[in-house]
Number of protein chains: 2
Amino acid sequence: MHDYDGAVTQVTNPGAATVPARRGRGEKSSPTIYDIAKLAGVNPSTVSRALSKPGRVSAKTQKIIEDAAEQLNYRVNPFARALPTGRTQTIGLIVADITNPTFFDIIRGAETTGSARDYTMVLAESAESPETELTAARRMLSTVDGLILASPRMDDEQIRALASEKPVAVINREVDGVPCVVPDVNKGISQAVRSLAANGHQKLAYVAGPPQSWMSRRRWEGVQAACDWYKLEAVRLESSKPTVDGGRQVARDVLASGATAVITYNDLLAIGLMQELQAAGMRVPDQISIVGFDDIFGADFTTPALTTVRSPLGECGSRAAALLLDMLLGHEGPGGVVRVDTELVVRGSSGRLLA
Amino acid sequence: MHDYDGAVTQVTNPGAATVPARRGRGEKSSPTIYDIAKLAGVNPSTVSRALSKPGRVSAKTQKIIEDAAEQLNYRVNPFARALPTGRTQTIGLIVADITNPTFFDIIRGAETTGSARDYTMVLAESAESPETELTAARRMLSTVDGLILASPRMDDEQIRALASEKPVAVINREVDGVPCVVPDVNKGISQAVRSLAANGHQKLAYVAGPPQSWMSRRRWEGVQAACDWYKLEAVRLESSKPTVDGGRQVARDVLASGATAVITYNDLLAIGLMQELQAAGMRVPDQISIVGFDDIFGADFTTPALTTVRSPLGECGSRAAALLLDMLLGHEGPGGVVRVDTELVVRGSSGRLLA
DNA sequence: CAAAAGATGGCAACCGGTTGACATACCGCC
DNA sequence: GGCGGTATGTCAACCGGTTGCCATCTTTTG
């Protein structure tokens, strides 16, 4: 990790510099290892080794070359390096929907740990479509060292196919044979259902997410299991789309279901649902409790603030990136599943049922 | 930043993942123009021309080559192309803060128009620091065809220096000689101040953003001008940081100022401020009106929903990308300023003053 | 002190496209 | 038929690193 420009106070006019301006267009092109080699009086290949294969050259030569590199303000040309090696110092991240705040934290987590290790992140969006996703993934695959798929919509086979070409890490879904980072929903769901049961609720509705969503199914299973245990009746409702708007639309189904507590696939649905129910005169949480999922940005903006099962999304992004980078460095991960804990964040939207 | 405390359970290891086959020597590597050349019975350079210089080869040969390429499922190696040409089909985007939802629409706008024209986007964050920003910009510069700076914190000179090396577009700030996309705040501010004046307010506070923020200054100027016109008294307050938390912290200053209406540098500040004021027993908007800026995701989650001056951020991102791509195609943009309209979105947080 | 082992640097062949220079092939035209 | 001109394809030299192989030089060891 070279940091050549400390506090740069670029002032003087360009051209005063002693840098020999060669190169066709008269532009000052950046120095190459050949320039360094000339300056240091060694062979270019030695420069290459000094700069990328620690220990391969003697300490003395190493020093000379590093000084020369410093002096010329050298930085490797990523393309020239990528060409023979395939290494690009770049990881790709594909998310289902850039505007969905669920992914904000994931993106940031991945970007942060990526750039901490000097990897650049490239971002693409699948717009919730398996086909777009696959296309984006394929297009990326040739230009990145590894790929992170957040909540992928492709099927397992396609993911494994990708993973057989380049290292892949998956977030929010389990795929056999591919390293995954998955929030373990059971803990958070248990807490949520227990809390609801303790507050007098007896019938609970789960508002599901997109049918292709592995995580939505998983959450439903968790809800069922917990309801079983705590002796609540659970019903499942479908949403048209996992957004605020979808939440509003599902409000009448919720009312019709007779449930007094609702757990939604994500916070957006919960927020939309709450808005619509309140607009219809329902009091939250006195008449109905609402629990979301993920604890996204804005979940505490609502009145009452949203009770939600928090998934540490930033950590998911971050760990997925770390997993990937470890694989790239050869620390072959076992391809297992990393589970991160979820927990209930109790705010105002859930509570005692005042029947 | 993120710390992974022990709340992590590493579990299952489903079927030992088979290590991806290293791209060995005889392995199925992707086809090259040489493969196409052999198949089509022509010289590699002819293939190169057929694929990138339309019209340079005869229609007949063109067809043969395209068919061969199709048959082999050929795709260019971006690095091999980038090496001699410098063209990378990639644009960089640097934002001040990835977690700030303001930027999400920008990111999305840029990504969408970028990928529509077959450009990949790479993303970096400056963490609101001019130095980090410059470093990131420099690092990116060598690997992208052009750069978009969203709300840059560097000074004008540095930006112009970057712009002299590669095409640069700026969002949310005007820099002489560099193409910029800037929401024209005056319209929205006028509407806001007029509306506040009409509702009986006489003293207005502006909560400023980061000192380096060009846009914050601009908004303050706009507020001053509008207050002048509508005969309101305007005071300026400083915030510690442009976040929800910063908004909470500035609440006491707001109260102390005696203003009955507040316009904040951005929505996050407005939301935090409103939360804190409400917690202190103030009624919004009966006792104090609050107007934010940007209309970010979640601005309508609050109770009352936030009145805000909407900047079309997605459009900003999109237009900046378009500007950049046009420059890359040689349509030399005049380096002027593109202004997009802002408008007041009236929701519940502003209204008549019930003194 | 000689031989074997190890460390170090140089040479040159790539990686996969791009492109200027040049040789033909092809065309129309006098 | 010969000539100039253009269309088309080929050759070869890059772009800037990486790396296998080999020649030396140094060190260790018997």
Side-chain angles (χ1 to χ4, degrees), chain A residues 2 20 22-25 27-66 68-69 72-90 141-143 145, chain B residues 22-66 68-69 72-90 142-143 145:
Chain A
H2 303 271
R22 38 176 254 291
R23 179 59 165 261
R25 312 230 179 285
E27 312 250 341
K28 32 128 179 274
S29 101
S30 43
T32 72
I33 57 169
Y34 295 90
D35 299 326
I36 297 179
K38 216 179 304 167
L39 186 60
V42 299
N43 187 284
S45 61
T46 306
V47 175
S48 174
R49 291 197 176 99
L51 264 31
S52 52
K53 294 249 163 40
R56 180 59 173 77
V57 302
S58 71
K60 187 156 50 80
T61 324
Q62 177 94 23
K63 179 83 171 60
I64 296 176
I65 290 175
E66 277 172 359
L72 294 175
N73 188 26
Y74 169 81
R75 27 201 58 186
V76 307
N77 178 326
F79 305 111
R81 171 175 292 180
L83 189 46
T85 62
R87 277 180 273 125
T88 67
Q89 292 286 311
T90 291
L141 211 58
S142 57
T143 62
D145 288 347
Chain B
R22 287 292 306 140
R23 167 218 178 101
R25 31 207 86 245
E27 295 300 321
K28 44 122 197 248
S29 156
S30 46
T32 72
I33 57 169
Y34 296 90
D35 300 327
I36 297 179
K38 214 179 305 166
L39 185 60
V42 298
N43 188 286
S45 58
T46 305
V47 175
S48 173
R49 293 206 168 91
L51 264 31
S52 52
K53 293 254 175 15
R56 179 60 173 76
V57 304
S58 71
K60 188 156 51 77
T61 325
Q62 177 93 21
K63 179 84 171 61
I64 296 177
I65 290 175
E66 277 171 358
L72 293 176
N73 189 27
Y74 168 81
R75 32 200 56 189
V76 306
N77 179 326
F79 307 110
R81 170 173 290 176
L83 189 46
T85 63
R87 277 180 273 123
T88 67
Q89 292 286 311
T90 292
S142 58
T143 62
D145 288 347

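- The separation between Arg87(B) atom CZ and dG17(C) atom C1' is 10 Å, rounded to whole Å.
- Within the 4.0 Å cut-off from OP1 or OP2 of dT18(C), not a single side-chain nitrogen or oxygen of Lys53(B) is found.
- To the nearest angstrom, P of dT18(D) lies 11 Å from CG of Leu83(A).
- No side-chain heavy atom of Pro44(B) sits less than 4.5 Å from a side-chain heavy atom of Ser48(B).
- Tested against Tyr74(B), the residues Val47(B), Leu51(B), Asp35(B) include a single side-chain contact (heavy atoms from CB on, under 4.5 Å) partner, Leu51(B).
- When the side-chain nitrogen and oxygen atoms of Arg75(B) are compared with OP1 and OP2 of dG17(C), none of them lie within a distance under 4.0 Å.
- Rounded to 10 degrees, the angle separating the terminal axes of the helix from dC1(C)-dG30(D) to dC30(C)-dG1(D) is 40°, with each axis obtained from five end pairs.
- Atom-to-atom, CG of Asn77(A) to P of dG16(C) comes out at 17 Å; the value is rounded to the nearest Å.
- Residue pairs meeting the side chain to side chain donor-acceptor pair (under 3.5 Å) criterion with at least one member in residues 77-86 of chain B, sequence neighbours excluded, do not occur.
- OP1 or OP2 of dT18(C) has at least one side-chain nitrogen or oxygen of Ser48(B) nearer than 4.0 Å.
- One atom, CZ of Arg81(A), and another, P of dT18(D), lie 4 Å apart when rounded to the nearest Å.
- We find that CZ of Phe79(B) is positioned 13 Å from C1' of dG17(C), with the value rounded to whole Å.
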Problem set entry | Contact state string [nucleotides 9-14 of chain C, B base, S sugar-phosphate only, - no protein heavy atom under 4.0 Å] | BBBB--
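- Counting all heavy atoms, side chain and backbone alike, Val57(B) lies closest to Gln62(B) at CG2-OE1, 3.2 Å.
- With sequence neighbours excluded, the residues satisfying side-chain contact (heavy atoms from CB on, under 4.5 Å) with Ala40(A) are Val42(A), Ile64(A), Ile65(A), Ala68(A).
- Here the side chains of Thr143(A) and Thr88(A) are not in contact, with every heavy-atom distance at 4.5 Å or above.
- Every residue two or more places apart in sequence or in another chain was checked for a salt bridge (charged side-chain N to carboxylate O under 4.0 Å, His left out) with Lys53(B), and none qualifies.
- Residue Pro31(A) comes nearest to Asn73(A) through the heavy atom pair CG-O, 4.0 Å, listed as atom of the first residue, atom of the second, then distance.
- Ser45(B) meets the side-chain contact (heavy atoms from CB on, under 4.5 Å) test with Asn43(B), Arg49(B); sequence neighbours excluded.
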